Visitor: 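Would you mind keeping the following structure in view while I ask a few things?
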2 protein chains.
Amino acid sequence: MDRFVSTFTNKIDAKGRVSVPASFRAVLERDGYTSGIPGGIYCYPSLDAPALDAGGQSLAKTIDRLLDGLPDYSDERDELSVALYGDVHIIPVDQDGRIVLPEALRAHAGLCTHVAFVGLGTKFQMWEPARFEERRGRAREKVHRHRQLFGAGSRPAQGDRGGEGGARE
Amino acid sequence: MDRFVSTFTNKIDAKGRVSVPASFRAVLERDGYTSGIPGGIYCYPSLDAPALDAGGQSLAKTIDRLLDGLPDYSDERDELSVALYGDVHIIPVDQDGRIVLPEALRAHAGLCTHVAFVGLGTKFQMWEPARFEERRGRAREKVHRHRQLFGAGSRPAQGDRGGEGGARE
DNA sequence: CCAAAACCCATGTAATCCCATATAGGCCCA
DNA sequence: TGGGCCTATATGGGATTACATGGGTTTTGG
């Protein structure tokens, strides 16, 4: 298992903890944090969605690479660093596989009682379940409209229901 | 943990002390500026922002390298040397993980009751929280405007499997 | 001798660990 | 093939620890 796939909805408990889906944890075990503390999640607010982006080491490297391309001590670099690094949180995963999302992150995604974990391959997102459903609906519609452009070949013939949504509750 | 990541806001007490975030201290434990003071912080006023730049040995080295790159006895080098070295302070961290910022530094950043510690990877900055929020807003906006450029650049990094084209956020 | 800095200890809050439990899904065996 | 067992996973809650912060005390330096 080396990619984040499928969607799971888990509950935030009284202490603010949420279980990371086991299959995501499996991915993070390989891609998780480097030497030392295994299991850290690299997490930051999505730039243009009310959601959180998260992933392991490879996601962190992506951002590092982005900044390494900029000259040291340029105005630009500092500004970008602030936006990219300043909002990032390294979230430890406890031994039961749970995380606690900082207030700033919860606020950005509007998280309150439940979190939808959405696998996106090399990273995953965390959504307020209702908002995600709404977003998903629009995405499906968009795909539908453009289907002919993609061509028949790319349609894997399985219906829209990806078989998830109700991992719990 | 080997990089300064994320943002924390701590309070300045009656004696002018502030706690350095624990995770930053962890980085400094390995990278601290050990010139007599183990775990000391290399700190100076940011050149182009009302903030303070701080870090450990690697930051000090980066600055040295920057100056080494300039021709000896050039005006530019002298100017930069003064600007960078002139205001550098080596700040000791007490055994509870707190520092006291010299008046000159506090003045430059406009610090008074609280300090926002902003991780920027190899270094971190200290801001007056309100000013930082303002700066962060601008930085986000800038990233947003340029995001397609970044998107293109970072694609190969995480997209070794191709796919997930639809995983747009 | 005074002021400022460094040191040491105390405390409340928040995060972390650890254990318990339920529920779901897979597996084995009849 | 169906049913029951077994394991993995999510979740709840109590106990423990870490951390930021406040305040008193000692040291240092002018």
Side-chain angles (χ1 to χ4, degrees), chain A residues 1 4-29 32-33 36-41 43 89-107 111-119 124 126 129 163-169, chain B residues 1 4-29 32 35-41 43 89-106 111-119 124 126 129:
Chain A
M1 188 83 68
F4 301 105
V5 292
S6 179
T7 298
F8 306 89
T9 297
N10 289 338
K11 193 182 172 192
I12 299 179
D13 71 16
K15 296 185 189 172
R17 298 173 299 185
V18 216
S19 289
V20 175
S23 70
F24 286 17
R25 291 205 301 267
V27 179
L28 287 167
E29 238 157 71
Y33 239 74
I37 315 98
I41 292 181
C43 179
H89 287 75
I90 304 276
I91 303 180
V93 180
D94 72 21
Q95 60 206 84
D96 297 331
R98 286 184 283 196
I99 56 174
V100 177
L101 296 170
E103 169 57 28
L105 292 181
R106 252 180 304 146
L111 300 174
C112 131
T113 65
H114 292 259
V115 181
F117 291 82
V118 183
F124 63 93
M126 288 173 265
E164 72 300 283
R168 255 309 103 128
E169 103 222 280
Chain B
M1 196 83 68
F4 301 104
V5 175
S6 164
T7 300
F8 306 89
T9 297
N10 289 337
K11 195 180 172 193
I12 299 178
D13 71 16
K15 298 182 187 174
R17 299 173 298 184
V18 217
S19 289
V20 176
S23 70
F24 286 18
R25 292 204 301 265
V27 179
L28 289 168
E29 235 157 74
S35 175
I37 312 100
I41 294 178
C43 179
H89 287 74
I90 305 295
I91 302 177
V93 180
D94 73 21
Q95 62 205 82
D96 296 332
R98 287 184 282 198
I99 56 174
V100 176
L101 295 169
E103 171 55 28
L105 292 180
R106 250 180 305 146
L111 300 174
C112 129
T113 66
H114 292 261
V115 181
F117 292 82
V118 183
F124 63 93
M126 288 174 266

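In this text, all values refer to a predicted model and were calculated from it rather than measured experimentally. In what follows, chains are A, B, ... by sequence order, proteins preceding strands, each numbered from 1.
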Visitor: Could you tell me the separation between the CZ atom of A/Arg17 and the P atom of D/dG12, rounded to a whole number of Å?
Guide: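 It works out to 9 Å between those atoms.
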
Visitor: Which nucleotide, C/dC17, D/dT21, D/dT9, lies nearest any side-chain atom of A/Ala22?
Guide: D/dT9

Visitor: Side-chain donor or acceptor of B/Asp96 under 3.5 Å from a matching atom on the base of D/dC19?
Guide: no

Visitor: Given atom CZ of A/Phe24 and atom P of D/dT9, what is their separation to the nearest angstrom?
Guide: 14 Å

Visitor: Could you tell me how far apart B/Phe8 (CZ) and C/dT13 (C1') are, to the nearest whole angstrom?
Guide: 17 Å

Visitor: When we call it a touch if two heavy atoms are under 4.0 Å apart, what does A/Val18 touch: a base, just sugar-phosphate, or nothing?
Guide: nothing

Visitor: When you measure from the side-chain N and O atoms of B/Gln95 to the phosphate of C/dC8, is any distance below 4.0 Å, counting only OP1 and OP2?
Guide: yes

Visitor: Which is true for B/Asp13 with a 4.0 Å heavy-atom rule: it touches a base, it touches only sugar-phosphate, or it touches nothing?
Guide: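 The residue B/Asp13 makes sugar-phosphate contact but no base contact.
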
Visitor: C/dA15 P sits how many Å from A/Ile91 CD1, rounded?
Guide: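 So the two atoms are 12 Å apart, to the nearest Å.
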
Visitor: Do the ring centers of A/Phe24 and A/Phe4 come within less than 6.0 Å of each other?
Guide: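 Between A/Phe4 and A/Phe24, which both carry aromatic rings, the centre distance is below 6.0 Å.
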
Visitor: Between the side chain of B/Asn10 and the main-chain N/O of B/Val18, is any donor-acceptor distance below 3.5 Å?
Guide: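 Side chain of B/Asn10 to backbone of B/Val18, a donor-acceptor pair under 3.5 Å: no, none is there.
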
Visitor: Between B/Asp94 (CG) and C/dA4 (C1'), how many Å, whole number?
Guide: 15 Å

Visitor: Would one find a side-chain N or O of A/Arg25 under 4.0 angstrom from OP1 or OP2 of D/dA10?
Guide: yes

Visitor: Rounded to the nearest 0.5 Å, what separates atom CD in B/Glu103 from atom CG in B/Leu111?
Guide: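 So the CD of B/Glu103 and the CG of B/Leu111 are separated by 10.0 Å.
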
Visitor: How many whole angstroms separate atom CD of A/Glu103 from atom P of C/dT13?
Guide: 18 Å

Visitor: Could you go through A/Asp96 and A/Arg17, starting from their C-alpha distance and side-chain angles, then the distance that decides it, and tell me whether this counts as salt bridge (Lys or Arg N to Asp or Glu O under 4.0 Å)?
Guide: CA-CA 10 Å; A/Asp96 297 331; A/Arg17 298 173 299 185; 5.7 Å; no

Visitor: Can you tell which of D/dA20, D/dT11, C/dC17 lies closest to the side chain of A/Lys11?
Guide: D/dT11

Visitor: Could you report the tightest heavy-atom contact between B/Arg98 and B/Asp13, atom names first, then the distance?
Guide: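 Heavy atoms only, the tightest pair is NH1-OD2, 3.7 Å.
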
Visitor: D/dT11 P sits how many Å from A/Asn10 CG, rounded?
Guide: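 So the two atoms are 4 Å apart, to the nearest Å.
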
Visitor: Can you figure out which of C/dC19, D/dA10, D/dG22 approaches the side chain of B/Arg98 most closely?
Guide: D/dG22

